[in-house]
Amino acid sequence: MITAPRGTHDILPGAQFGWRDSARWQHLEAELRRISHQYGYVELRPPVFEATELFARGVGESTDIVQKEMFTIQPRGRAGGDGAGEPTLTLRPEFTAGLVRAYIENGLHNLPQPTKIFTYGPAFRAERPQKGRFRQFHQWDVEVFGAADAAVDAEVIEIGIALAKRMGLGDLEVDLNSIGCPVCRPAYREKLREHLRPHAHELCEDCQARLERNPLRVLDCKVDADHPAIRSAPVSVEHLCHDCRTHFDQLQRHLRALGIPHRVNPRIVRGLDYYTRTVFEVLHPRLGAQSALWGGGRYDGLIELLGGRPTPGVGFALGMERLLMVLDESAAPGPGAPRPDVFLAPLGAAARERALPILYALRRAGLAADIDYLDRSLKAQMKYAGKAGARYVAILGDAELARGVCTLRDMATGDQREVALESLVEAVRT
Ligand code: AMP
């Protein structure tokens, strides 16, 4: 049997599938669209794959994503045929780089500024699958291009919390840090390197490499988390330049005004190279080791790095599977599948033939209507309609049809009454 690839999931119809219930996904998608619009964000849908170089430059050569986790494809047909010599393509491992590319390429800086964008959909990383960590997963991504003010950092932190609340999720922890900017970070990075170098041989292999390339990443290493040299390492918030310090203080002031408790966690550095100043993660205790529901930060240099005009940016990506998993574990009730307004139960093939135009008329009137196609007994049809959650069942026997009526049963109360076929739409609608 051919099975779904490792680290991917089918999203299925039915509450028994828990967080994989498609009704829950539709509900989450409807809520995130609603809240994005409420906060003034508009949708941009970038392609699922991009030039590999975009992620190499935009996410950063030294990141785990680019080093180990990209699904890269060579667009090659027959040897020397279509695609030969074309640059390689990569399934998006995250959204920000693609959205920045789209912003630059389509001249979106000509739109009223700032440009506030959201999108959602699948992203792909060749990770070792485990709980909450998949190879295909979905993110809701929110970005603001063209605003440097700390109030915007606060807004993007708050919009995620607002969504989680609407979905019924509390107990969130906001971890915050500032990793400085090109003015103050080089000196801090050097200080960190000097502190860690004498211990290099005690660190994991990855950290030994990170130490020279990107020493901040050593701070969020899971393997070495308890190493005394890491615990005692200098922290970025104590080495910020004046402007970064002010920005960080303002952000915390805005969060307090919004009533969002947070803690400064100097270990939050984020895996992506493009961040400047604000970095944050929002955690939920029930997720355990993979506890970040979402994370993001500010990237004031990225748009310029990818060929645009110098433009500040800030945003985040929320893991939709992780949000639905936490809700499932907290036994939050799902929204349930959409329910038919009426189910037509014809008694026999001839009755069904005559019932089909009635079905079409109900649907054309905008009602959710369905019919039995399997010539089942009335009892079996009633059972099926009950399981589907139909509000009404219209029983159509030959004798009733001949008289131009049906028996309409209210499935909640069990009441039955005779209704003329020409007033069926009206009867179901009320
Ligand atoms: P990142 O883009 O790495 O900052 O991730 C942002 C959020 O996306 C995380 O907090 C997770 O909720 C989610 N996420 C990232 N990678 C994965 C993955 N491999 N599987 C499931 N969710 C993920």
Side-chain angles (χ1 to χ4, degrees), residues 1-33 43 45-52 54-55 59 63-77 83 88-99 118-141 163-164 167 169 222 271-272 284 286-295 317-338 387-389:
M1 186 182 62
I2 299 173
T3 56
R6 232 157 63 87
T8 69
H9 294 95
D10 297 309
I11 309 297
L12 299 156
Q16 70 272 31
F17 297 110
W19 68 267
R20 294 191 298 148
D21 175 6
S22 52
R24 294 188 186 212
W25 282 81
Q26 288 171 9
H27 176 55
L28 173 56
E29 288 162 2
E31 287 297 334
L32 71 83
R33 273 200 304 269
E43 188 178 8
R45 298 188 193 190
V48 167
F49 53 81
E50 298 270 2
T52 304
L54 175 70
F55 300 117
V59 178
T63 58
D64 282 356
I65 291 183
V66 171
Q67 295 267 313
K68 316 182 205 167
E69 296 170 0
M70 296 208 298
F71 280 108
T72 294
I73 338 151
Q74 182 69 53
R76 191 182 333 106
T88 64
L89 302 170
T90 294
L91 298 183
R92 62 186 179 207
E94 56 101 54
F95 280 90
T96 309
L99 292 175
F118 80 96
T119 195
Y120 63 95
F124 308 86
R125 293 183 195 172
E127 305 206 63
R128 195 168 57 78
Q130 50 187 295
K131 189 178 175 230
R133 189 166 288 281
F134 311 125
R135 290 185 160 181
Q136 173 171 324
F137 57 98
H138 296 73
Q139 292 185 330
W140 171 42
D141 191 275
L163 176 82
M167 295 295 295
L169 194 64
K222 298 273 179 301
L272 290 70
H284 194 280
R286 216 173 290 120
L287 274 170
Q290 310 300 340
S291 68
L293 271 177
W294 73 93
L318 176 146
M320 293 168 66
E321 281 83 357
R322 289 196 194 168
L323 181 70
L324 289 171
M325 286 168 85
V326 175
L327 284 168
D328 191 29
E329 282 167 24
S330 54
K387 274 199 183 149

Of all heavy-atom pairs linking Phe55 and Val66, the shortest is O-CG2, 3.5 Å
Separation between CG of Leu32 and CG of Leu318, rounded to the nearest 0.5 Å: 8.5 Å
Applying side chain to side chain contact (heavy atoms under 4.5 Å, CB included), run through Ile65 and Met70 and close with a yes or a no. CA-CA 6 Å; Ile65 291 183; Met70 296 208 298; 4.3 Å; yes
When rounded to the nearest 0.5 angstrom, what is the spacing between NZ in Lys68 and OG1 in Thr63? 10.0 Å
According to ring pair (Phe, Tyr, Trp, His ring centres under 6.0 Å), who are the partners of Trp25, at least two apart in sequence or on a separate chain? His138
Taking Leu287's backbone N and O only, do any of them form a donor-acceptor pair with Ser291's side chain (distance below 3.5 Å, no angle check)? no
Could you pull out all residues at least two apart from Phe118 that satisfy ring pair (Phe, Tyr, Trp, His ring centres under 6.0 Å)? His37
Closest non-hydrogen contact found for Phe137 with Pro93 is CZ-O, 4.0 Å
Please name the pair of heavy atoms, one in Arg286 and one in Ser330, separated by the smallest distance, quoted to 0.1 Å. NH1-CB, 3.1 Å
What's the shortest heavy-atom distance between Gly319 and Trp294, and which atoms? N-CB, 4.5 Å
Flag side-chain contact, heavy atom, 4.5 Å: Tyr120 against Arg33: yes
Can you measure from CD (Gln74) to CG (Leu89) and round to the nearest 0.5 angstrom? 8.0 Å
Closest non-hydrogen atoms of Phe95 and Ala123, given as atom of the first, atom of the second and distance, are CE1-CB, 4.5 Å
Rounded to the nearest 0.5 angstrom, the CE-CD distance for Met325 and Glu329 is 6.0 Å
Hey, are the side chains of Pro5 and Arg135 touching, using non-hydrogen atoms and a 4.5 Å cut-off? no
Does the distance from a Lys or Arg side-chain N to an Asp or Glu carboxylate O, for Glu69 and Arg133, drop under 4.0 Å? no
Are any of the side-chain heavy atoms of Leu169 and Leu163 separated by less than 4.5 Å? no
Contact summary for Pro335 and Ala23, nearest pair of heavy atoms: CG-O, 3.4 Å
Are there more than 12 heavy atoms of other residues, nucleotides or ligands under 6.0 Å from atom CZ of Phe49? no
In Å, rounded to the nearest 0.5 Å, how long is the span from OG1 of Thr119 to CD of Gln139? 10.5 Å
Looking only at atom types and distance, does a side-chain atom of Arg322 sit under 3.5 Å from a main-chain N or O of Gly132, one as donor and one as acceptor? yes
Sequence neighbours excluded, every pair satisfying salt bridge (Lys or Arg N to Asp or Glu O under 4.0 Å) that has a member inside residues 4-21: none
Keeping the roles fixed (side chain from Thr52, backbone from Thr88), state whether a donor-acceptor pair exists under 3.5 Å. yes
Interatomic spacing from CZ in Arg24 to CG in Leu327 - rounded to 0.5 Å: 7.5 Å
